[in-house]
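Being a predicted model, the structure only gives us computed values, none of them experimental.
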Amino acid sequence: MLDQRYRWKNKKLREHVAVLNGHKSPTLVLKNAVYLNQAIRSWLTANIWIYDDRIVYVGNEMPKRLTGAEIIDCQGSFLVPGYIEPHVHPFQLYNPHSFAQYASQHGTTTLINDNMVLALHLEKKKAFSFLREMRTIPATMYWWCRFDPQTEIGHEESIFSHANVKSWLEHDAVLQGGELTGWPKLLSGDDLMLHWIQEAKRMRKQIEGHFPGASEMTLAKLMLLGADCDHEAMTGDDVLKRLLQGYYVSLRYSSIRPDLPHLLEEVQELGIQHYDKFMMTTDGSPPSFYEEGVSDRLIKIAIEQGIPIIDAYNMATINIARYYNIEYLHGNIATGRVANINFLESKENPTPVSVLAKGEWVVKDREVQNAFKSFPWQEFDFSPLNLEWNLTMDDMQFSMPLGMLMENAVIIKPYSIGIDISVDEIPCSYDESFMMLIDRHGKWRINTIIKGFATDVSGFASSFSNTGDIVLIGKNKEDMIKAFDRMKEIGGGLVLAERGKIVYEVPLTLNGIMSDKTVEQLMEEEKQLSCLLRERGYRYSDPIYSLLFFSSTHLPYIRITPNGIYDVMNKVVLFPSIMR
């Protein structure tokens with residue numbers, strides 16, 4: 001649990017009241033502020049008093065005492081609450097700290113984050129210490145509690161034990177259970193998952209769904225079992241089905257599902273005019289997707305699609321806060337709220353020129369401030385990947401009759417291998433490549449063929465994957481080993497090799513999963529890698545998500561997992577992994 005159960009201790013609350021009594025000065029006063037008041041859906045003018053990280057007054061009065069207070073005249077600006085991202089996967093090459101820093105500079109000051117990497121790679125005590133340290137940054141970080149690993153692993157019952165899941169659910173920083181990628185098990189009678197949902201409900205926490213393509217009847221059943229929201233609507237009809245079954249709907253705009261514009265167009269065509277149960281998310285996209293912003297980009301799209309301006313802002317602020325029962329802290333500019341405020345040059349442009357996060361300037365007059373300090377990663381067991389084993393040609397034995405056929409960036413079907421795979425190099429005239437998933441501890445491997453990933457990738461190694469195990473893909477076995485050896489040498493990352501030489505690399509020095517570089521730096525590295533892969537025949541929307549989802553059993557039809565090649569629809573391992 002957190003060291004401090006309440007956000008402000010009694011002594012601090014007395015100080016807040018003392019500011020209003022004139023016995024203490026506020027730390028910051030925003031004069032003549034035109035701000036969005038969501039209680040009455042209007043733009044009002046007021047003076048806003050802030051003491052440290054809290055708004056202590058919004059109204060017409062000025063403080064009686066101003067000793068040491070910073071006073072900002074806000075004439076010409078429009079103030080809106082800091083934006084909230086309700087569905088963050090903060091481990092997509094970037095890390096939670098670097099993404100929070102970048103997002104806050106674009107006005108997204110509160111993030112609700114996936115805990116998958118923490119659950120899989122840190123023991124519980126260390127993970128909770130990490131959450132505690134994240135409280136010290138200017139952005140506000142909340143978390144999910146996963147109920148399953150989203151793949152087939154050998155020790156699921158220990159990582160996702162009842163004790164571990166219950167401890168996560170009870171944590172003050174955790175706002176929801178899910179997302180429910182394992183919902184078919186729930187419908188099939190998994191009472192342990194249902195118990196965890198019941199526990200979340202008892203604690204007044206929400207349950208996030210993951211229900212792509214779900215029928216009306218399936219949505220109704222999952223609502224009965226406790227689901228509250230779903231982000232997998234792909235059409236206006238999908239949105240309406242969810243609304244009619246009582247769901248909140250999180251509209252998605254991500255690298256592999258940039259659906260938001262057509263969803264908004266279609267819901268308006270359906271006659272929907274009230275948006276109180278709508279949220280918006282970027283669904284954890286890779287770094288380069290965020291070049292044009294985070295939640296500010298979503299608000300801009302909503303405004304461009306004809307959504308009333310106040311509703312557009314509400315879908316990224318107050319709607320989310322109300323859904324998560326944190327309206328008393330976030331999502332609006334009012335007395336008692338955390339001082340997360342965005343300063344806009346116009347109501348129509350949601351990208352802020354200044355940003356306050358917990359009362360601290362993150363951006364001031366378009367100048368990024370030094371609000372985020374360096375993060376002590378090694379204290380939380382995040383360090384360069386140390387692989388104490390070698391990959392040899394003996395590991396490069398490919399004899400499996402079943403291969404994996406990529407339909408798009410994330411959908412994979414089985415297919416019967418029809419080419420000679422006993423060779424050391426597959427000709428570039430074929431779009432098949434060797435593929436291996438190998439345990440990061442070197443204990444097991446699973447070898448197959450992937451068709452459709454690329455035509456000319458000679459050797460590629462990635463420690464970035466859903467499970468943190470090593471993915472190898474390539475035409476040439478020696479280049480695959482070359483890429484692996486370099487990935488091992490740099491402490492984890494993404495490495496492309498060709499003709500015995502390293503073509504490009506993206507180091508991921510935080511357990512081989514994340515980089516300690518800024519999001520801006522990673523944008524350039526990711527774009528360069530994607531460009532090189534596309535030049536070599538990768539033709540889909542997002543290679544980073546392809547890597548992430550090779551093992552993800554919430555997607556059809558087959559996956560390569562630590563347990564082996566897995567048939568998602570029939571829930572069986574077709575070919576088990578091999579011990580090394």
Side-chain angles (χ1 to χ4, degrees), residues 149-154 184 391-440 442-462 465-467 469-484 497 533 536-540 543 546-580:
Q150 202 171 284
T151 189
E152 294 298 306
I153 59 176
L391 189 68
T392 70
M393 286 298 286
D394 289 339
D395 293 306
M396 311 299 283
Q397 305 298 318
F398 293 82
S399 58
M400 186 182 295
L402 182 74
M404 299 170 62
L405 170 64
M406 291 185 69
E407 286 283 302
N408 56 38
V410 298
I411 302 299
I412 302 173
K413 291 183 176 180
Y415 91 106
S416 297
I417 298 170
I419 65 170
D420 181 8
I421 58 173
S422 65
V423 296
D424 289 340
E425 183 170 8
I426 299 175
C428 291
S429 55
Y430 298 103
D431 66 350
E432 282 95 344
S433 302
F434 298 116
M435 182 182 192
M436 179 190 300
L437 181 71
I438 189 163
D439 175 33
R440 65 163 47 204
K443 295 180 179 179
W444 52 260
R445 61 177 170 83
I446 181 77
N447 295 28
T448 187
I449 297 295
I450 188 162
K451 181 177 175 62
F453 179 80
T455 53
D456 297 273
V457 170
S458 188
F460 181 66
S462 171
S465 67
N466 184 48
T467 60
D469 297 307
I470 312 303
V471 177
L472 299 175
I473 299 174
K475 297 282 190 175
N476 183 287
K477 293 178 180 178
E478 290 186 354
D479 280 338
M480 292 168 70
I481 293 176
K482 181 74 174 180
F484 170 84
L533 290 174
R536 288 157 178 78
Y538 180 88
R539 62 183 185 272
Y540 303 117
S546 292
L547 290 170
L548 185 69
F549 281 164
F550 281 141
S551 299
S552 297
T553 52
H554 67 292
L555 294 164
Y557 291 87
I558 64 166
R559 299 287 138 176
I560 186 168
T561 77
N563 285 354
I565 300 296
Y566 185 75
D567 182 335
V568 175
M569 310 308 286
N570 294 307
K571 300 178 179 58
V572 295
V573 174
L574 301 175
F575 296 91
S577 53
I578 299 170
M579 300 306 292
R580 297 178 72 237

Rounded to the nearest 0.5 Å, what separation is found between the [atom1] atom of [X] and the [atom2] atom of [Y]?
{"X": "N476", "Y": "S433", "atom1": "CG", "atom2": "OG", "result": "11.0 Å"}
{"X": "K482", "Y": "S458", "atom1": "NZ", "atom2": "OG", "result": "12.0 Å"}
{"X": "M480", "Y": "I473", "atom1": "CE", "atom2": "CD1", "result": "8.0 Å"}
{"X": "E432", "Y": "T448", "atom1": "CD", "atom2": "OG1", "result": "10.5 Å"}
{"X": "I450", "Y": "L472", "atom1": "CD1", "atom2": "CG", "result": "12.5 Å"}
{"X": "I470", "Y": "R440", "atom1": "CD1", "atom2": "CZ", "result": "6.0 Å"}

Do the side chains of [Y] and [X] get nearer than 4.5 Å, heavy atoms only?
{"X": "I421", "Y": "S399", "answer": "no"}
{"X": "F460", "Y": "D479", "answer": "no"}
{"X": "E478", "Y": "D424", "answer": "no"}
{"X": "F575", "Y": "P401", "answer": "yes"}
{"X": "M435", "Y": "F550", "answer": "yes"}

Hey, is the main chain of [Y] close enough, under 3.5 Å, to the side chain of [X] for a donor-acceptor pair?
{"X": "K477", "Y": "M396", "result": "yes"}
{"X": "Y540", "Y": "S546", "result": "no"}
{"X": "R580", "Y": "G442", "result": "yes"}
{"X": "K451", "Y": "I417", "result": "no"}

- Item | Between S551 and N466: side-chain donor-acceptor atoms closer than 3.5 Å | no
If you look at every heavy atom in [X] and [Y], which pair is closest and at what distance?
{"X": "C428", "Y": "D456", "value": "SG-OD1, 3.2 Å"}
{"X": "R539", "Y": "G452", "value": "NH1-O, 3.6 Å"}
{"X": "P414", "Y": "L402", "value": "CB-CD1, 3.7 Å"}
{"X": "P562", "Y": "E152", "value": "CD-O, 3.2 Å"}
{"X": "R559", "Y": "V568", "value": "CG-CG2, 3.9 Å"}
{"X": "D469", "Y": "S465", "value": "O-OG, 2.8 Å"}

If you count every heavy atom of other residues, nucleotides or ligands that lies below 6.0 Å from [X] atom [atom1], does the total exceed 12?
{"X": "M569", "atom1": "CE", "result": "no"}
{"X": "K443", "atom1": "NZ", "result": "no"}
{"X": "Y557", "atom1": "OH", "result": "no"}

Exercise for review: Any chance you could lay out the side chain to side chain contact (heavy atoms under 4.5 Å, CB included) test for F434 and I449, step after step, and finish with the verdict?
Suggested key: CA-CA 5 Å; F434 298 116; I449 297 295; 3.7 Å; yes
Parallel under 30°, tilted from 30 to 60°, perpendicular over 60°: which one fits the rings of F549 and H554? perpendicular
- Let me see the working for I565 and M404 under side chain to side chain contact (heavy atoms under 4.5 Å, CB included), right down to the final yes or no. CA-CA 9 Å; I565 300 296; M404 299 170 62; 4.1 Å; yes
